[in-house]
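What follows is a single structure, written as structure tokens, with notes after it.
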Amino acid sequence: MNDETNSNTPPIDENKYIALRREKLTQLREQGQAYPNDFERKEFAQELHDSYDGLNREQLEEQAVAVSFAGRMMFQRVMGKASFAHLKDMSGTLQIFVQRDAIGEEAYNAFKQSDIGDIYGVKGVLFKTRTDELTVKVSELTLLTKSLRPLPEKFHGLTDQEQKYRQRYIDLIMNEDSRRVFKIRTQTISFIRQYLTDAGFIEVETPMMQVIPGGAVARPFITHHNALDMELYLRIAPELYLKRLVVGGIEQVFEINRNFRNEGLSTRHNPEFTMLEFYQAYANYEDLMNLTEDMVRQLAKAVVGTTTIDYQGDQFDLEKPFERMTVAEAVMKYNPDLDASKLEDSDYCRSIAEGMHIKTEQSWGAGKLLIEIFEKTAEDQLMQPTFITAYPTEVSPLSRRNDENPFVTDRFEFFVGGRELANGFSELNDPEDQAERFQHQVSEKESGDDEAMHYDADYIRALEYGMPPTAGEGIGIDRLVMLLTNAPSIRDVILFPHMRPE
RNA sequence: GGGCCGUUAGCUCAGCUGGUAGAGCAGUUGACUUUUAAUCAAUUGGUCGGGCGUUCGAAUCGCCCACGGCCCA
């Protein structure tokens, strides 16, 4: 960073606490290397607890276990000529016991000057206190990093939502539950990756910057490539690229990566979010429902140890077979007064929708109207794990038509707690049907729907080479993690959620 | 985009119908060689989110703005 950028840096908050710590840092600089990098950390807190918590005082004393341990000081208690402190590392917390007579008067006085948040390396021998807490009796103590900013008070921790999101590092230092959430997130992604790999799927990476944003109905972010002087779109979905790979013979393929959608923010929407998409040739949407059911059930067992999920006051059972019903069945279940035989009649659906104060467009057919009715009256009632099938063709431009009823497609969405977690279908592999559907989307776009899809000519060309019968699915990882961690907002499961600049 | 709520010390929060801004923890100084939200004594600390207005007087009332939270579209 040069001087100019420094001078452009807005001043950040300073206060007397920071000033006092800066003075201590200045002294450290005068005494030598203030930021040493030669401490050799050999043990983690948790492995020491695992190995030695079980031993009694006498056994520990006999073994005289020497350790070299480092961490952030989260707690310090000075009692005259001896002090206790807790050092926290990535794995957990370990107590240290520092005595003047063991490390010398000069070092001990320096230790008394330290602040909560300082990072220490210690060498010493393990012992147990009167209350049987595993503790390092320190023989050598090194201040590795001076902390200049005071941490939140230990009892309440950091509760301010905004600060948790903007300064996630403080949140992670202070809140065990936040660390737990992000650990479960990591474990979730690892589990899924392993599950699919074990099932013969191959993981790939496809473009995040696309010339034609496809694969979903959403508004994209636009960016610009200088050398080529052209607009590019951040992807809204990887779908069309993954299906090109199926054409190319990668018959079972998946990607876990970020999608970007230029839409409003809410507790369920972040502009960038993580999606799993996977495709399997010679499978249909029912195979994928079965796979999803098994994967979600096993995932829950693996990462939270139970298939009974407590979520914001509700309880969901992932053990018993997931319910399955069609869109039309769901609409009738929650609107028993409707005429089931007229749900494919656009005039009928329009009058019902308008009676529900749904804002409709003239161009909408029965399928779109039916989905609006479904979303308004049924979706948020789907609490227990439920697959909804038979989505109207009109709202499923990439899905294969149903053989018996071309009004609907071989598609499902998966709901838990009233929230859509997954969307899958037998893929439309008829290039001529796909071309027509794209054409329909283009006319929607021309009549003002800026979320409608573009015509992707190369994708049609790929299909013309022949894509085997295939089923594909997308699972929203963030929402899945919300469910598993009992998180009320998507921002709680994204390390650095999007915020307006301070 | 609309509605409601919030923004006060480093952190967590009080602050009534307008009258010199408070607590706990943290910090500072001192005591204490097995503490667990340690204890004891003393003590510092504020542009009350920003701006404008009403008023003799505004953290408090009104308007505007910023940021956040929740709900709705």
Side-chain angles (χ1 to χ4, degrees), chain A residues 10-24 57 60-61 73-88 93-105 107-109 111-118 124-139 147-171 173-176 219 262-270 312-313 353 356-361 372 375-376 379-380 418 487-492 497-502:
Chain A
I12 49 174
D13 53 307
E14 287 282 333
N15 58 48
K16 62 193 160 72
Y17 302 99
I18 296 171
L20 207 61
R21 291 180 180 212
R22 280 194 197 283
E23 277 176 36
K24 292 177 184 173
R57 267 174 253 170
L60 257 185
E61 199 172 334
M73 188 171 78
M74 298 304 292
F75 166 98
Q76 185 191 30
R77 182 159 298 151
V78 176
M79 300 162 305
K81 299 176 186 65
S83 303
F84 285 97
H86 291 172
L87 300 188
K88 185 159 83 173
T93 298
L94 185 64
Q95 180 163 264
I96 63 171
F97 184 52
V98 185
Q99 294 163 290
R100 187 194 67 178
D101 295 347
I103 65 166
E105 185 149 10
Y108 188 73
N109 286 337
F111 178 68
K112 286 206 285 189
Q113 294 299 306
S114 55
D115 294 290
I116 299 298
D118 288 353
V125 175
L126 291 178
F127 77 109
K128 278 197 166 176
T129 63
R130 282 176 188 165
T131 51
D132 276 333
E133 179 164 350
L134 189 70
T135 303
V136 183
K137 187 171 286 184
V138 174
S139 55
S147 171
L148 297 178
R149 289 180 173 268
L151 287 169
E153 166 240 334
K154 61 174 176 267
F155 189 59
H156 295 92
L158 181 66
T159 63
D160 182 71
Q161 287 293 339
E162 181 174 356
Q163 211 179 345
K164 280 167 68 105
Y165 298 150
R166 286 193 195 278
Q167 295 179 272
R168 183 68 84 185
Y169 38 91
I170 305 179
D171 181 40
I173 290 171
M174 299 305 298
N175 296 325
E176 171 62 32
R219 218 167 280 136
N262 206 340
E263 295 165 349
L265 287 73
S266 78
T267 50
R268 301 182 200 190
H269 298 89
N270 196 63
Q312 303 293 306
M356 293 171 172
H357 306 291
I358 294 169
K359 275 172 69 182
T360 63
E361 302 279 343
E372 292 286 327
E375 288 178 358
K376 174 123 184 164
E379 195 171 283
D380 59 8
S489 168
I490 195 170
R491 293 181 158 191
D492 296 319
H498 183 78
M499 303 284 281
R500 282 194 168 88
E502 283 180 82

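Owing to the predicted nature of the structure, the values given are computational and were not obtained by experimental measurement. Chain identifiers are assigned alphabetically (A, B, ...) following the order of the sequence lines, protein sequences preceding nucleic acid strands; residue numbering begins at 1 within each chain. Any value given below was found using the heavy atoms of this structure, including those in side chains, with hydrogens, waters and symmetry copies removed.
- In terms of phosphate contacts, Arg500(A) brings no side-chain nitrogen or oxygen within less than 4.0 Å of OP1 or OP2 of A66(B).
- Residue Met499(A) is in sugar-phosphate contact alone, with no base atom involved, counting any heavy-atom pair closer than 4.0 Å across all strands shown.
- Following rounding to the nearest Å, Met74(A) (CE) and A38(B) (P) show an atom-to-atom distance of 13 Å.
- Side-chain atoms of Ile358(A) and Glu375(A), non-hydrogen and from C-beta on, never get closer than 4.5 Å to each other.
- With the nearest nucleotide of RNA chain B identified for both Pro488(A) and Lys376(A), Pro488(A) has the one nearer the 5' end.
- Thr267(A) comes within 4.0 angstrom of sugar-phosphate atoms only, judged by non-hydrogen atoms across all strands, and of no base.
- The residue Arg57(A) sits apart from the nucleic acid: no heavy atom pair falls under 4.0 Å.
- In this structure Glu372(A) satisfies the salt bridge (Lys or Arg N to Asp or Glu O under 4.0 Å) test together with Lys368(A), sequence neighbours excluded.
- Spacing between atom CG of Leu265(A) and atom P of G1(B) amounts to 12 Å, rounded to whole angstrom units.
- Residues Glu61(A) and Val125(A) have side chains not in contact (no heavy-atom distance under 4.5 Å, counting atoms from C-beta outward).
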List the atom pairs, with distances to 0.1 Å, where a side-chain N or O of residues 75-84 of chain A and a protein N or O form a donor-acceptor pair under 3.5 Å, not counting sequence neighbours.
from: Gln76(A); atom 1: NE2; to: Phe111(A); atom 2: O; distance (Å): 3.0
from: Gln76(A); atom 1: NE2; to: Ser114(A); atom 2: OG; distance (Å): 3.2
from: Ser83(A); atom 1: OG; to: Tyr108(A); atom 2: OH; distance (Å): 2.7

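- Under the 4.5 Å side-chain criterion, counting only non-hydrogen atoms from C-beta, Arg491(A) is in contact with Leu265(A).
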Legend entry - Secondary-structure notation, RNA chain B, from Watson-Crick and G-U pairs under 3.5 angstrom (| other strand): (((((((..((((.....[..)))).(((((.......))))).....(((((..]....)))))))))))).
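- If you check every strand for non-hydrogen atoms under 4.0 Å, Phe127(A) touches a base.
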Every protein N/O within reach of nucleotides 9-11 of chain B N/O, cut-off under 3.5 Å:
from: G10(B); atom 1: N7; to: Tyr17(A); atom 2: OH; distance (Å): 2.7
from: C11(B); atom 1: O2'; to: Gly157(A); atom 2: O; distance (Å): 3.1
from: C11(B); atom 1: O2; to: Glu153(A); atom 2: OE1; distance (Å): 3.2

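- With sequence neighbours excluded, the residues that form a side-chain hydrogen bond (donor to acceptor under 3.5 Å, both in side chains) with Glu176(A) are Arg179(A).
- Listed by chain and number, the residues in a salt bridge (Lys or Arg N to Asp or Glu O under 4.0 Å) with Arg268(A) amount to none (sequence neighbours excluded).
- You'll find that the side chain of Lys154(A) is closest to A38(B), out of U34(B), A38(B), U36(B).
- Here Leu20(A) lies in heavy-atom contact (under 4.0 Å) with sugar-phosphate atoms only.
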